[in-house]
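The sequence lines fix the lettering, A, B, ..., with proteins before strands; numbering per chain opens at 1.
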Number of protein chains: 2
Amino acid sequence: MAKRQYELGTAELQILRVLWSAGPCTVRDVLERLHEQGRKLAYTTVQTFLTRLEQKGFVQSDKTGLAYVFEATLSRTRLRKSRVKSLVSQLYDGAAAPLVLQLIRSEQFTKDEIQKLHALIDELDQTETDSDS
Amino acid sequence: MAKRQYELGTAELQILRVLWSAGPCTVRDVLERLHEQGRKLAYTTVQTFLTRLEQKGFVQSDKTGLAYVFEATLSRTRLRKSRVKSLVSQLYDGAAAPLVLQLIRSEQFTKDEIQKLHALIDELDQTETDSDS
DNA sequence: CCGCTTCTCCTACAACTGTCGGAGGTATCC
DNA sequence: GGATACCTCCGACAGTTGTAGGAGAAGCGG
């Protein structure tokens, strides 16, 4: 009885990312994308990852033509949420605000992004004030 | 030639977190903290983690009294930065703004936090406008 | 001094992850 | 129809992580 909870390794995540950006892929498609990115892996390595991802329930496959076509079932949005949640709980004591502050302080944003942020914050401010009175 | 880059497992991170919150600790200190948190581990398990963390360079130990005292050398701030960086690069294509937006949209903040955010954004807005003109 | 508690050191082991090779099927191209 | 090119399936292996037990040193209460 050691580990039981399936996680995503970084290499597996890289495969998933290909599926997100390229849509349904065969093993070879994924392999080629990875090669384009400078990531050299053997064909069977990619195949292993895809199989394991399927076992973990993060992708699904269909054999319509000659080869299996794999597609992500775990969406990037879902993974984002889950990763952010565990980041916040593990390193920020569950409080998201310090993370937001850190991000804003340390990252460069474009004017557009700042605009959006501004709008959002104003909105927050508004609702908060409302609900408070 | 498989993996080479040392990472922090979640269990190891939990140990580190104890060190951050409690300061320098012996194996037993850590064990007790974990027990208080409802985390049941054997004494030697904790010891193994501490040893491994030391090998990875994330903690250091001194034997001043009877037992070794372990102290984190990796700060929470540093780890936060590194984790956030890899989160952003792996799941947000390197752009922090969408993460900020996501956080703001999905999290509840206190008035104080909103205040701070507001101030910060205003500041950003300012500098951005300045440097732009 | 003797046993009990506590520490350290070493070893172990199962599950998970990264990485691949070989065996064997099928389609394809002269 | 045999060589060529792919594809799938299965097994393998080393390194990492989670978890712990046993052997042996060292201090403490009686």
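A sub-4.0 Å separation between OP1 or OP2 of dT17(D) and a side-chain N or O of K56(B) is present. Between R28(B) and dT6(C) there is no side-chain polar atom (N or O) within less than 4.0 angstrom of OP1 or OP2.
For the pair W20(A) (side chain) and L74(A) (backbone), a donor-acceptor distance under 3.5 Å is present.
Per the geometry, NZ belonging to K63(B) stands 9 Å off P belonging to dG27(D), to the nearest Å. Across the protein-nucleic acid pair, L53(B) atom CG and dT19(D) atom P stand 13 Å apart, rounded to whole Å. The separation between F58(A) atom CZ and dT17(C) atom C1' is 14 Å, rounded to whole Å. When rounded to the nearest whole Å, the span between CG of L41(B) and C1' of dG18(D) equals 9 Å. Across the protein-nucleic acid pair, Q55(A) atom CD and dC9(D) atom C1' stand 12 Å apart, rounded to whole Å. Rounded to whole angstrom, the span from the CZ atom of R39(B) across to the C1' atom of dT19(D) amounts to 9 Å. What separates CG of L13(A) from P of dC16(C) is a distance of 18 Å, to the nearest Å. Distance, L66(A) CG to dT8(D) C1': 12 Å, rounded to whole Å.
Side-chain N/O atoms of E54(A) and S61(A) include a donor and acceptor closer than 3.5 Å.
For A67(A), taking side-chain heavy atoms from C-beta onward, the closest of the listed nucleotides dT8(D), dG18(D), dG21(C) is dT8(D). When each of dT8(D), dT17(C), dA20(D) is scored by its nearest atom to the side-chain atoms of T44(B), the top-ranked nucleotide is dA20(D).
The nearest heavy atom of DNA chain C to E7(A) and to V46(A) marks one nucleotide each, and the one closer to the 5' end goes with E7(A). Between T10(A) and Y43(B), the residue anchored closer to the 5' end of DNA chain C is Y43(B), taking for each the nucleotide with the nearest heavy atom.
To the nearest 0.5 Å, the span separating CG on L41(A) from CG on L34(A) amounts to 6.0 Å.
Not a single donor-acceptor contact under 3.5 angstrom links the side-chain atoms of T45(A) to the base of dG18(C). For T48(A) and dC20(C), a side-chain-to-base donor-acceptor distance below 3.5 Å is present, hydrogens and geometry of angles not being considered.
Base engagement by R52(B) is indicated by at least one non-hydrogen atom pair under 4.0 Å involving a base atom. Residue-level contact check: Q47(B) touches the bases, meaning some heavy atom is under 4.0 Å from a base atom. Within 4.0 Å of Y68(A), counting heavy atoms only, lie sugar-phosphate atoms of the nucleic acid but no base atom.
A cation-pi arrangement is present between R80(A) and Y92(B) under the rule of less than 6.0 angstrom and at most 45 degrees off the ring axis.
At a threshold of 4.0 Å, the pair E7(B)-K56(B) does not count as salt-bridged, since none of the basic side-chain nitrogens sits closer than that to a carboxylate oxygen.
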